[in-house]
Trainee: 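Quick one: the structure is below, questions incoming.
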Amino acid sequence: MGPVPRAPRVMLYSHDTYGLGHLRRSRALAQAITAADPTASALIVTGSPVAGRFTFSERVDHIRLPGVTKRRDGSYEAQALGMDIDETTSLRAALIRATAENFRPDVLIVDKEPTGFRGEMIDTLDLLKAGGTTHVVLGLRDVLDEPDVLQAEWDRKNALEAVEGYYDEIWVYGAHSVYDPTEGLDLSPRMRARTCWTGYLRRDLTTVDTPPEQPYLLVTAGGGGDGEMLIDQVISAYEAAPDLSPRALIVYGPFLDATTRTKFGERIEMLDGRVQAVGFESQIETLIAGASGIICMGGYNTFCEVLSFDKRAVIVPRTVPRLEQYIRASRAEKLGLIRMLDERRDGLTTGAMIEAIRALPTQKRPSEVMPDRLLDGLDRVTERMADVLGNRASAAQG
């Protein structure tokens, strides 16, 4: 009798230097993979400073890397430990490699950055390539940036060379009919053939708790680090229009500046309960499920939640430091899935926000116009994962 096959192990890497998007996407993938295969386990390696605030399902765990912060000029600094950015990156790289060496994943899923933050994944990719037993996947969200900007960024990071040399396939968490994030990249025919379009990643509709008293309009700025303008617009709208309804519930996000939050709180206190705010919600799905409408920025995860919970939404995309959110929102608006407040077209004024909130009840819900299979991402990922693991098990037995 041969050895008993080992239960599958999946490792997910998300650099998470800013915001919540990479961690939340990796968490959704890990939980779907382990739910589809009760024998599988998943380990997320993340740089997110708020990873410990999230709950993870059974057989999903995480390792927190030392954090780094992005400065306004685009450079980075270490968050703690009294180490400079080079020392911190070296420590992170060593931790990632040690994790891979001891966890021995059957599949590695790298989120967005082919070489990792400042190249910190290269040692681990070399290790896994030499071992020859790990299937390596690059996971890309639906939109990365404008093609010319992305190409320059990948050239600077030697990302294309890494994709061709280390990765077995690419998963795009979106639909080719909406946008192609690899447009402009000189991918080889081999990698083009190994690119799988999964569809968007549906959020779980079965684990939500009891939402707050209804009705309310949910306002979410994602991680909050760049959401000050959106929140200010909404508060200004309720200040200027005393009859504006329903009440607004604002989720600041964990990265909104404390001084700014205090100033917003003072304004909200003057609105007699018509606007309320909370700091951070790891179970944002509950608030989305109960909302009558959504005012939000245009990040990938929030967009998936709008579609999954079938909510009328107004998206106010950021345009700095990259046009990712604007591209996503403009494509979604053309499909009729959401309404976008465009700074150039509509003006980011109090009046425009008031009009958008009042028009929300007349918008179509996403389900009324959504293309077929647009939200099949997690199903496609788990199907592909089953194929990969099945093929590897067959090869091992052969």
Side-chain angles (χ1 to χ4, degrees), residues 1-15 22 25-27 29-47 56 58-63 65 92-117 119-140 158-173 187-188 190-196 198 378 380-398:
M1 178 181 294
V4 177
R6 191 191 71 172
R9 297 178 185 178
V10 180
M11 178 173 161
L12 303 97
Y13 163 81
S14 61
H15 68 288
H22 306 286
R25 185 161 50 247
S26 294
R27 175 173 170 259
L29 291 165
Q31 296 187 163
I33 289 166
T34 54
D37 183 347
T39 68
S41 59
L43 181 61
I44 302 171
V45 180
T46 175
F56 296 89
E58 187 178 359
R59 289 174 290 107
V60 177
D61 208 340
H62 73 284
I63 290 176
L65 300 172
R92 285 168 57 112
L95 290 170
I96 297 166
R97 180 188 167 99
T99 300
E101 196 167 19
N102 288 275
F103 187 61
R104 293 179 293 124
D106 299 287
V107 179
L108 169 67
I109 303 174
V110 175
D111 190 81
K112 181 182 175 288
E113 295 286 349
T115 61
F117 171 68
E120 68 185 2
M121 282 299 295
I122 295 296
D123 284 351
T124 297
L125 292 170
D126 281 333
L127 171 75
L128 297 179
K129 183 177 181 179
T133 60
T134 301
H135 190 83
V136 183
V137 177
L138 176 64
L140 301 178
N158 294 320
L160 188 62
E161 180 181 348
V163 170
E164 298 289 349
Y166 295 115
Y167 287 85
D168 295 292
E169 59 183 307
I170 298 171
W171 295 348
V172 180
Y173 309 126
L187 290 173
S188 68
R190 166 184 165 272
M191 288 311 300
R192 292 282 180 194
R194 295 186 178 190
T195 298
C196 170
T198 69
L378 291 178
R380 186 71 185 92
V381 164
T382 55
E383 290 167 4
R384 184 70 197 115
M385 184 65 71
D387 289 343
V388 169
L389 294 174
N391 290 339
R392 299 183 80 74
S394 298
Q397 292 173 359

Trainee: Given side chain to side chain contact (heavy atoms under 4.5 Å, CB included), test V137 with D168 step by step and report yes or no.
Mentor: CA-CA 6 Å; V137 177; D168 295 292; 5.9 Å; no
Trainee: Between R9 (side chain) and F103 (backbone), is there a donor-acceptor pair under 3.5 Å?
Mentor: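 Between the backbone of F103 and the side chain of R9 there is a qualifying donor-acceptor contact (under 3.5 Å).
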Trainee: Sub-3.5 Å donor-acceptor pair from the side chain of K129 to the main-chain atoms of G165, do we have one?
Mentor: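 Side chain of K129 to backbone of G165, a donor-acceptor pair under 3.5 Å: yes, one is there.
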Trainee: What do the steps show when you test L108 against M121 for side chain to side chain contact (heavy atoms under 4.5 Å, CB included), and what is the final call?
Mentor: CA-CA 11 Å; L108 169 67; M121 282 299 295; 3.9 Å; yes
Trainee: Can you check side chain to side chain contact (heavy atoms under 4.5 Å, CB included) on Y13 and M11, steps first, answer last?
Mentor: CA-CA 7 Å; Y13 163 81; M11 178 173 161; 5.5 Å; no
Trainee: Check whether any side-chain N or O of T382 sits under 3.5 Å from a backbone N or O of I33 as a donor-acceptor pair, and report yes or no.
Mentor: no
Trainee: Do NZ/NE/NH1/NH2 and the carboxylate oxygens of D106 and R6 come within less than 4.0 Å?
Mentor: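 R6 and D106: salt-bridged.
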Trainee: Can you check whether S188's main-chain N or O pairs, donor with acceptor, with E164's side chain at less than 3.5 Å?
Mentor: yes
Trainee: Where do Y173 and V381 land on the side chain to side chain contact (heavy atoms under 4.5 Å, CB included) test, with the steps shown first?
Mentor: CA-CA 9 Å; Y173 309 126; V381 164; 4.2 Å; yes
Trainee: Give me the atom names and distance for the closest heavy-atom approach of S14 to H22.
Mentor: CB-CB, 3.6 Å
Trainee: Return the set of residues passing side-chain contact (heavy atoms from CB on, under 4.5 Å) with R384 (not counting sequence neighbours), or none when no residue passes.
Mentor: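 For R384 the side-chain contact (heavy atoms from CB on, under 4.5 Å) partners, ignoring immediate neighbours, are E169, W171, R380, D387, V388.
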Trainee: Quick one: list whatever passes salt bridge (Lys or Arg N to Asp or Glu O under 4.0 Å) with E101, sequence neighbours left out.
Mentor: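 Scan of E101 (salt bridge (Lys or Arg N to Asp or Glu O under 4.0 Å), adjacent residues dropped) gives none.
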Trainee: Please tell me if the side chains of L65 and F117 come closer than 4.5 Å, counting only heavy atoms from C-beta onward.
Mentor: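 No, every pair of side-chain atoms sits at 4.5 Å or beyond.
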Trainee: Who pairs with T39 by side-chain hydrogen bond (donor to acceptor under 3.5 Å, both in side chains), at least two apart in sequence or on another chain?
Mentor: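 Once residues adjacent in sequence are excluded, the partners of T39 under the side-chain hydrogen bond (donor to acceptor under 3.5 Å, both in side chains) criterion are D37.
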